[in-house]
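Let me begin by presenting the structure, written as structure tokens, before commenting on it.
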Protein chains: 2
Amino acid sequence: MPDPALRANARRNRERLLAAAEEVVTERGTSASLRDIARRAEVGIGTLYRHFPTREALLEALMQERFERLQARADELLGEPPYRAVVTWLRDLAAASATVHGLPDAVLSALRDRDSALHAACDGMRTAGARLLERAQSAGAIRADLTPSDLLALTAGLAWASDYAEDKEARLERLFAVMETGLAS
Amino acid sequence: MPDPALRANARRNRERLLAAAEEVVTERGTSASLRDIARRAEVGIGTLYRHFPTREALLEALMQERFERLQARADELLGEPPYRAVVTWLRDLAAASATVHGLPDAVLSALRDRDSALHAACDGMRTAGARLLERAQSAGAIRADLTPSDLLALTAGLAWASDYAEDKEARLERLFAVMETGLAS
DNA sequence: ACCTGAACACCGTTCAAGT
DNA sequence: ACCTGAACACCGTTCAAGT
């Protein structure tokens, strides 16, 4: 659903920017050069800033679908047993966080910074996770001292740490297993 | 024990650089501007590069004592019960890693990069941790699938994640508690 | 409305010229 | 031996000038 308020050429530029950002961020991570992105999109650097006033705004547009899918997943999982639901969701979150270099940092930073263009999206994730966590804590399945932010931070930490391994997926699985058993109360 | 091979003025510059780096890195983290450090030391930028050809070399000099102390600590802990020894050492490692913003990243990066000036120091840490880990694994106290690198990465991940919290120490304690129980096999 | 790119203030890094 | 800082190639970000 293209924004009809945008002139055709503006909409086209926006799409070129997103496609270029997708590529460059996949290659170089979340702190990729914005100039590189503008160059790849064959657009002036000012045009990038016009459409995405901050790096976080660009990231937000880039990650939107992924975040929405994760939130929807959280809702689905309310139908599952409390402990299993939390762990399953966190596993999905960790896997998603590990797909883009620098994403765990972007998420935790945005969670802290209410002014970040990424804040609302990340806060939505926290709320989604909070529902699952609270339910499991009420059932006595997960240690009571953990906050929803702790849970996101821990998961981001595992994804972050796995990024330095030769075999990232295998390490993430091992680290996740540690967390999984450690969460139980 | 000042290096006698260095001229008096060179030795003085080196010390000024280290003192300045200590301050700036404490304030801004491991990716602080090298120019800032040279300015604070009242020394030309070329002089910084002459004494410390890479950022990692500077970091290595800065962290030397801390790393040595941690390695010594690992040796002491060989006198303690296996599981308790590992956990105690990891707690010290996590606390040390959390003192400087960006240090967990520097450590895991150096572990991967054999050419890093920080590699030897970090690899020494890994070896020190490996002895403790192996002993605990042989005793069946810690899950057998974890490697020494996994252990350092996990600990670095917790320190990294805690850095985004309002109350960093409290969060590190909570996350560490999760890891601590999760490590047991 | 929107696009462009020069301009500014910063980097990291190198290296010719100095003492 | 060692020090210096100009020079280079990059950034992120802004904004006057264009269409």
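Computed from a predicted model, the values in this text were never measured in an experiment. Order of the sequence lines sets the chain letters (A, B, ...), proteins ahead of strands, with each chain counted from 1.
- Residues meeting the ring pair (Phe, Tyr, Trp, His ring centres under 6.0 Å) test with A/Trp160, sequence neighbours left out: A/Tyr164, B/Trp160.
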Nucleotide-level pairing of DNA chain C, given in dot-bracket where Watson-Crick and G-U pairs need both distances under 3.5 Å and | marks other strands: ||.|||||...|||||.||

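- When all heavy atoms are compared, the tightest approach of B/Ala61 to B/Arg14 is CB-NH2, 4.4 Å.
- Of the inter-residue distances, the one linking B/Leu111 atom CG with B/Leu118 atom CG reads 9.5 Å to the nearest 0.5 angstrom.
- Taking every side-chain heavy atom of B/Tyr49 into account, C/dT13 is the closest of D/dC3, C/dT13, C/dC2.
- Rounded to whole Å, the distance from CD1 on B/Ile37 to C1' on C/dC11 is 13 Å.
- What you find for B/Arg40 and B/Glu23 is that their closest heavy atoms are NH1-OE1, 2.7 Å.
- B/Glu68 is linked by a side-chain hydrogen bond (donor to acceptor under 3.5 Å, both in side chains) to nothing, counting only residues two or more places apart in sequence or in another chain.
- Using a 4.0 Å cut-off, some side-chain N or O of B/His51 falls inside it from OP1 or OP2 of D/dC3.
- Paired with B/Glu22 under the rule salt bridge (charged side-chain N to carboxylate O under 4.0 Å, His left out), one option of B/Arg16, B/Arg28, B/Arg66 passes, and it is B/Arg66.
- What separates CG of A/Leu34 from P of D/dC11 is a distance of 10 Å, to the nearest Å.
- In this entry the distance linking CZ of B/Arg55 with P of C/dT14 reads 13 Å, nearest Å.
- Of the residues in residues 100-112 of chain A, none has a non-hydrogen atom less than 4.0 angstrom from any atom of DNA chain D.
- At least one donor-acceptor pair under 3.5 Å links the side chain of B/Lys168 to the backbone N or O of B/Asp163.
- Across the protein-nucleic acid pair, A/Arg16 atom CZ and C/dC2 atom C1' stand 16 Å apart, rounded to whole Å.
- As a whole-Å value, the separation of B/Arg7 CZ from C/dT19 P is 14 Å.
- A/Arg135 contributes a side-chain N or O that, together with a main-chain N or O of A/Leu78, makes up a donor-acceptor pair within less than 3.5 Å.
- Atom CZ in B/Arg50 sits about 13 Å away from atom C1' in C/dT19, given to the nearest Å.
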At a cut-off of 3.5 Å, list every protein nitrogen or oxygen paired with a nitrogen or oxygen from nucleotides 6-10 of chain D, distance to 0.1 Å.
residue: D/dA7; atom: N6; partner: B/Arg35; partner atom: NH2; Å: 3.2

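- Residue A/Asn13 has no polar side-chain atom (N or O) positioned under 4.0 Å from OP1 or OP2 of C/dC2.
- Between B/Arg69 and B/Asp92 there is no side-chain heavy-atom pair separated by less than 4.5 Å.
- What separates CG of A/Asp36 from C1' of D/dG12 is a distance of 13 Å, to the nearest Å.
- When all heavy atoms are compared, the tightest approach of A/Thr54 to A/Ala117 is OG1-CB, 4.0 Å.
- Across the protein-nucleic acid pair, B/Arg11 atom CZ and D/dA1 atom C1' stand 14 Å apart, rounded to whole Å.
- Side-chain contact between A/Met63 and A/Val100 is present, with heavy atoms from C-beta onward closer than 4.5 Å.
- At a threshold of 4.0 angstrom between heavy atoms, the contacts of A/Ala32 are confined to the sugar-phosphate backbone, with no base atom among them.
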Show every donor-acceptor pair shorter than 3.5 Å between a side-chain atom in residues 137-152 of chain A and any protein atom, with sequence neighbours excluded, or say none if there are none.
residue: A/Gln137; atom: NE2; partner: A/Arg143; partner atom: O; Å: 3.0
residue: A/Gln137; atom: NE2; partner: A/Leu146; partner atom: O; Å: 2.9
residue: A/Ser138; atom: OG; partner: A/Glu134; partner atom: O; Å: 3.0
residue: A/Arg143; atom: NH1; partner: A/Gly182; partner atom: O; Å: 3.3
residue: A/Thr147; atom: OG1; partner: A/Ser149; partner atom: N; Å: 3.4
residue: A/Thr147; atom: OG1; partner: A/Asp150; partner atom: N; Å: 3.0
residue: A/Thr147; atom: OG1; partner: A/Asp150; partner atom: OD1; Å: 3.4
residue: A/Thr147; atom: OG1; partner: A/Asp150; partner atom: OD2; Å: 3.3
residue: A/Ser149; atom: OG; partner: A/Arg126; partner atom: NH1; Å: 2.8
residue: A/Asp150; atom: OD1; partner: B/Arg171; partner atom: NE; Å: 2.8
residue: A/Asp150; atom: OD1; partner: B/Arg171; partner atom: NH2; Å: 3.4
residue: A/Asp150; atom: OD1; partner: B/Arg174; partner atom: NH2; Å: 3.0
residue: A/Asp150; atom: OD2; partner: A/Thr147; partner atom: N; Å: 3.1
residue: A/Asp150; atom: OD2; partner: B/Arg174; partner atom: NE; Å: 2.5
residue: A/Asp150; atom: OD2; partner: B/Arg174; partner atom: NH2; Å: 3.2

